[in-house]
Each structure stands twice: as structure tokens, then as C-alpha cells.
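The structure under discussion appears below in the form of C-alpha cells.
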There are 2 protein chains.
Amino acid sequence: MNGKIFIIEDEPSIIQLVQHNLEKNGFLVSSSLNGNDGLKELKKFQPDLLLLDWMLPDLSGIEICKNIRKDNSFKNLPVIMLTAKGEEEDKIKGLDSGVDDYLTKPFSFNELMARIKAVLRRSNPNTVSDNLKFDDLMLDRIEKRVFRDGQEIKLGPTEFRLLEFFLTNPKRVYSRDQILESVWPNNINVESRTIDVHIRRLRQSVNLKNKKELIRTVRSSGYSLI
Amino acid sequence: MNGKIFIIEDEPSIIQLVQHNLEKNGFLVSSSLNGNDGLKELKKFQPDLLLLDWMLPDLSGIEICKNIRKDNSFKNLPVIMLTAKGEEEDKIKGLDSGVDDYLTKPFSFNELMARIKAVLRRSNPNTVSDNLKFDDLMLDRIEKRVFRDGQEIKLGPTEFRLLEFFLTNPKRVYSRDQILESVWPNNINVESRTIDVHIRRLRQSVNLKNKKELIRTVRSSGYSLI
DNA sequence: TTAATTTGTAACAAAATTGTAACATTTAAA
DNA sequence: TTTAAATGTTACAATTTTGTTACAAATTAA
């Protein structure tokens, strides 16, 4: 993941949280606490996407947005609007003014990330890559392929989902219940021991010869990547 | 303002000035005058941030920084590097080596304070990671791992829970009944002497050679960390 | 359709963990 | 000092947890 994201938001704690997490995800981030500063900084920063708060101390998000659209170099800058609860009735107005998406506070970072990806994929596919990497392992979510050390590994559907799940939080230990919930369809019921068998299958595929073990067993707790 | 800050800097007058002012601002501060001492003290002190001089009599700031990053319990310790004038061209190198920010001497205390705040603000959301620390011991609840002095210690499930329990209130003495209630599943019944055996096992794992005893026996009362 | 792949479970093997008893050592009190 | 209580230590059998394999049912591809 790469690309530049600019944030105009007057709540420092939100900026902090979002900025930190976006940076962890590989984005370059800059921000302003009010509209006028934001408009100036924006030109310097030349972002690929703008996160814009609805309510700002000086200008409203809408005004900023209209302002931006007047500027030729920002005609196509994607904007995601952040609105506080209770401003919902204005959503349509927001979308009319050239906003690409909106998000109601409070929101989870995952939600935000999903929107950002979706918008960026439309406007600038280069900035989004859905590859999960860990150690010498690489999982391509789009093409549904897995490589270790550059060499492709063939996985069955369940093994793929299992590995994908672990890769979203490598090193973290997941219980069998957590794994079941996240990797198996919501309605289906399988024995928790079934996981052990799939872990075994995943291990067999992933542990190419002369490669170190990738899946750690944590007795009485579950499994994790390592 | 609170938190612990460690300083490695060979100029006593700078240490004095900075330490005094930081303490006035509510920080707990400790320091060393050279790299080797610093690395040792660091482990004992478990700071939330490190101020690191670039030029030291023994190791360079860069070397120390690399050294620190190798240690699992310090992977995310924020570091602010202090460089003397004329070393500016090395700034990028400094940032590459895992430094979070730098400051060129001479600097005003206000400047330093602003950087510290900024860095801590960024790293603090990270500090919510479920790590329990005590002395040179670190327990990662997410990854289910324990480190002493940076070195991993393998524990069985019960030993892990036992240590986790003690770490939530280190130094506090717990009776065998309290330990039983909190560490063992609610329905199960075991002899209170069983705890002694598990304490013994925990001690054996945790007391790496040449390390001081971590678990204290309080006769007729129970056990605690120390 | 047939063939191939994938999936869940049972059954057994292997390994790790656990509780307890028995004995040793330390500590505090008499 | 002697004695009793508390704790340390060790060994071991029972139990729990996980690894592994085989196989039939279900699903998908050919």
C-alpha cells in the first residue's frame, strides 16, 4: 500500500489515531486542524486522497470541497467525508457536492481502511495493492495466489483463507474458536479439531523443504504465525 | 504528563538541564553517560522513550539504536536522537536506523519538549498493546510470549497464567487461595500445595542463570514478584 | 456423467502438561 | 537445641492436548 493521504479534521485524537494507522499501512500522511490551513497545505502535499471533516472551526467540509473542485489540479482528487452522528440527513447533499464517500463517526479504522481502498482503487489503482506479506511469504488476495521465497505454493480454498486470516495479524495467537468464527462461513458448524487438520495441511504446503516452521502451536491457546 | 524517559548522553550539563526540566514536567527520568552502561540500565528502567546522543565515548548512537531494535522488548521504544551541529548530513541515516525524531544541539528545552510530546503521542496508541512489564521481564498477552532481558522464555500454559496474574500486580503478595481462584478455572479443585510446585516450575523457567530471583516467598502468606 | 479435489471426522499415536505424594530443607517458635 | 510447621524439590502416573493418517461424503471440474 502506498500513496499520500491528507486529513482535515479539528479533533486531534482522531488525526492521531488515523494518521498512525494509515502510516502503519504504508501511506504517507499529512494533516491540518482547520479548513484554511488545510487548503494551503493541500497544494504543497499533493495527496492522492483527502479525508475531510464535515464540521470545522472555520470552513465547512462542503465549502472546502467546492473550493477544491474549482482548482483544476484537484478536479479528480477523491474525497471521503467524515460526518458526526446526527448529520446523516445531509449525506446526500454531501455526495452531491463532489464527495466520493462518507463515513459516520465514530467509525472503526477497518471501516475507514476499506473505504479508502475502494475509493483509491477506482481513482488510482496503483496506490492499492492487496498483498499480504510476512517473512518470505506473500499472499495475493486478488489473484488468490501464495508465494514463499518467490516460489508459488498451491493451497486449497480453506488453507488459503486460513493463511489469509493469520496474515492479517501475524504473530498474534488465535484460539480455535476465533479461527472458526473468522475463517468458516458464519452458519456452518465444524468441530474445533477440524482446524488442527487444516493447520496440518497448511503446514505441509507452506513448509517447503529446508524452510523453517511458519505456524506456531501455542498449547491450550491456539495457533499463530511466527 | 507522565511516563519514563531515559537519557544516554555524555555531557553532564545537558543531562542535568534536561533531566531537571523533564522531571518538573512530571516525567520519571534516568540516564547514563555512555553507551554500554546505558544499554544495561535501559533494561532495568523500561522507559517509554529514549533520548540518545549521537556521539558517545564508546558506542555511537546508531549502534545503540540498532542494538536496541534487536531486543524484542524494545522493538517499539521511541527514540529521539540528539546530534551536534555539523552532523546534519547524517540525519537521513539516523532516521533510517529506526530513530523516530532528531534534534540538533544546541536546542531549547521547549523544542525538545514539543518533539517528546509528538513522539509519545504517536507511540502511545501503540503502547496499548497488551504487554505487561516488570523489571527486565516482559509478557506479551497477544503473542503469548515472555521475555526476560530480551530473551524468550518458554512457559507452559499454567506457568504463563500464573506469571500473567502476578504481573497485573507485581510486588503484591497473594495467598494460595487467591492464586487458585484467579489462575485456575472456576470449577476445578486442586490442592493448595500444587501451587508450590507450579511456582517452582515458574521459578525454574524465569530465573535464567545469573539472574536474581523474581518470585518471593512470604512465609505463611503466599508469593509475590519482587 | 465420471473423475478429481476438497472437506470433515474418527481413531490412534505422540507429546506436553498436570496434580499429587513422598521426602528434603528451611524457618520460626518453644 | 529441639520440634513442628511451612516450603522446596523430585519423580511419576494420569490426563489433556495436539499431530497424523485414513476414509467416506460432499463438492467441483472435466
Side-chain angles (χ1 to χ4, degrees), chain A residues 144-146 152-166 173-207 209 211-226, chain B residues 144-146 152-166 173-207 209 211-226:
Chain A
K144 305 268 184 206
R145 300 209 295 170
V146 175
E152 178 155 18
I153 293 169
K154 293 284 183 185
L155 296 183
T158 306
E159 281 119 78
F160 186 90
R161 293 202 309 278
L162 198 54
L163 181 58
E164 183 181 14
F165 171 66
F166 277 121
V173 176
Y174 289 102
S175 72
R176 294 185 173 69
D177 281 344
Q178 291 175 309
I179 297 174
L180 270 188
E181 248 178 61
S182 308
V183 175
W184 268 258
N186 281 333
N187 40 22
I188 213 149
N189 249 32
V190 294
E191 308 265 328
S192 94
R193 284 308 309 281
T194 298
I195 292 168
D196 300 27
V197 179
H198 280 283
I199 289 282
R200 149 101 171 126
R201 288 169 180 157
L202 182 56
R203 273 182 170 143
Q204 208 158 26
S205 314
V206 138
N207 288 355
K209 53 201 165 301
K211 281 278 148 189
K212 74 171 198 293
E213 180 66 47
L214 211 93
I215 300 173
R216 173 169 76 123
T217 303
V218 182
R219 205 150 232 265
S220 84
S221 288
Y223 298 96
S224 81
L225 296 192
I226 187 69
Chain B
K144 306 260 188 211
R145 290 155 162 282
V146 174
E152 177 157 18
I153 292 170
K154 299 277 185 189
L155 296 183
T158 305
E159 281 119 77
F160 187 91
R161 292 201 310 277
L162 199 54
L163 181 58
E164 185 180 14
F165 172 67
F166 278 120
V173 177
Y174 290 102
S175 72
R176 293 184 173 68
D177 281 345
Q178 290 175 309
I179 296 174
L180 269 188
E181 245 178 64
S182 308
V183 175
W184 268 257
N186 282 333
N187 39 24
I188 214 148
N189 249 33
V190 293
E191 310 263 330
S192 96
R193 285 307 310 282
T194 299
I195 291 169
D196 300 26
V197 178
H198 280 283
I199 290 283
R200 148 93 173 135
R201 287 170 180 156
L202 183 55
R203 274 180 170 145
Q204 205 159 27
S205 312
V206 137
N207 289 356
K209 54 202 163 301
K211 281 279 148 187
K212 75 171 197 291
E213 180 66 46
L214 241 160
I215 299 172
R216 175 168 70 121
T217 304
V218 182
R219 198 155 233 265
S220 80
S221 290
Y223 299 95
S224 82
L225 297 191
I226 187 68

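Not measured: the values here are computed from a predicted model. By convention in this document, chain letters (A, B, ...) are assigned in the order of the sequence lines, proteins followed by strands, and residues within each chain are numbered from 1.
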If the cut-off is 4.0 Å, is [X] near the phosphate of [N], judged by side-chain N/O to OP1 or OP2?
X      : N      : result
A:W184 : C:dG8  : yes
A:H198 : C:dT7  : no
A:T158 : C:dT7  : yes
A:T217 : D:dT18 : no
B:Y223 : D:dG8  : yes

[X] [atom1] - [N] [atom2] separation (whole Å):
X      : N      : atom1 : atom2 : answer
A:I195 : C:dA10 : CD1   : P     : 15 Å
B:K154 : C:dT17 : NZ    : P     : 10 Å
A:L162 : C:dT6  : CG    : P     : 15 Å
A:E159 : C:dT5  : CD    : C1'   : 11 Å
A:L202 : C:dG8  : CG    : P     : 14 Å
B:R216 : C:dT26 : CZ    : P     : 20 Å
B:L180 : C:dG19 : CG    : P     : 9 Å
B:I199 : C:dT18 : CD1   : P     : 14 Å

If the condition is salt bridge (charged side-chain N to carboxylate O under 4.0 Å, His left out), which residues does A:R145 pass it with, not counting sequence neighbours? A:E143, A:E152

Listed by chain and number, what are the salt bridge (charged side-chain N to carboxylate O under 4.0 Å, His left out) partners of B:E159, not counting sequence neighbours? none

Heavy atoms, side chains only, cut-off 4.5 Å: are [X] and [Y] in contact?
X      : Y      : value
A:F166 : A:V183 : no
A:W184 : A:T158 : yes
B:L214 : B:I226 : no
A:L202 : A:F160 : no
A:T217 : A:I215 : no

Checking B:Y174 now: which residues fulfil ring pair (Phe, Tyr, Trp, His ring centres under 6.0 Å) with it, not counting sequence neighbours? B:F165

Annotated protein contacts, base or backbone, on nucleotides 20-30 of chain D with a non-hydrogen cut-off under 4.0 Å, one of B, S, - each: BBB--------

All side chain to side chain contact (heavy atoms under 4.5 Å, CB included) counterparts of A:P157, not counting sequence neighbours: A:R161

B:S182 side chain to B:Q178 main-chain N or O, any donor-acceptor pair under 3.5 Å? yes

Terminal axis angle for the helix from C:dT1-D:dA30 to C:dA30-D:dT1, five pairs an end, nearest 10 degrees: 30°

Please tabulate the protein-to-nucleotide N/O contacts below 3.5 Å involving nucleotides 2-6 of chain D, giving atom names and distances.
{"from": "D:dA6", "atom 1": "N3", "to": "B:R219", "atom 2": "NH2", "distance (Å)": "3.2"}

Can you pull out every salt bridge (Lys or Arg N to Asp or Glu O under 4.0 Å) where at least one residue sits in residues 186-197 of chain B? Sequence neighbours excluded, please. B:R176-B:D196, B:R193-B:D196

What pairs of residues pass the salt bridge (Lys or Arg N to Asp or Glu O under 4.0 Å) test when at least one of them lies in residues 213-226 of chain B, not counting sequence neighbours? B:R203-B:E213

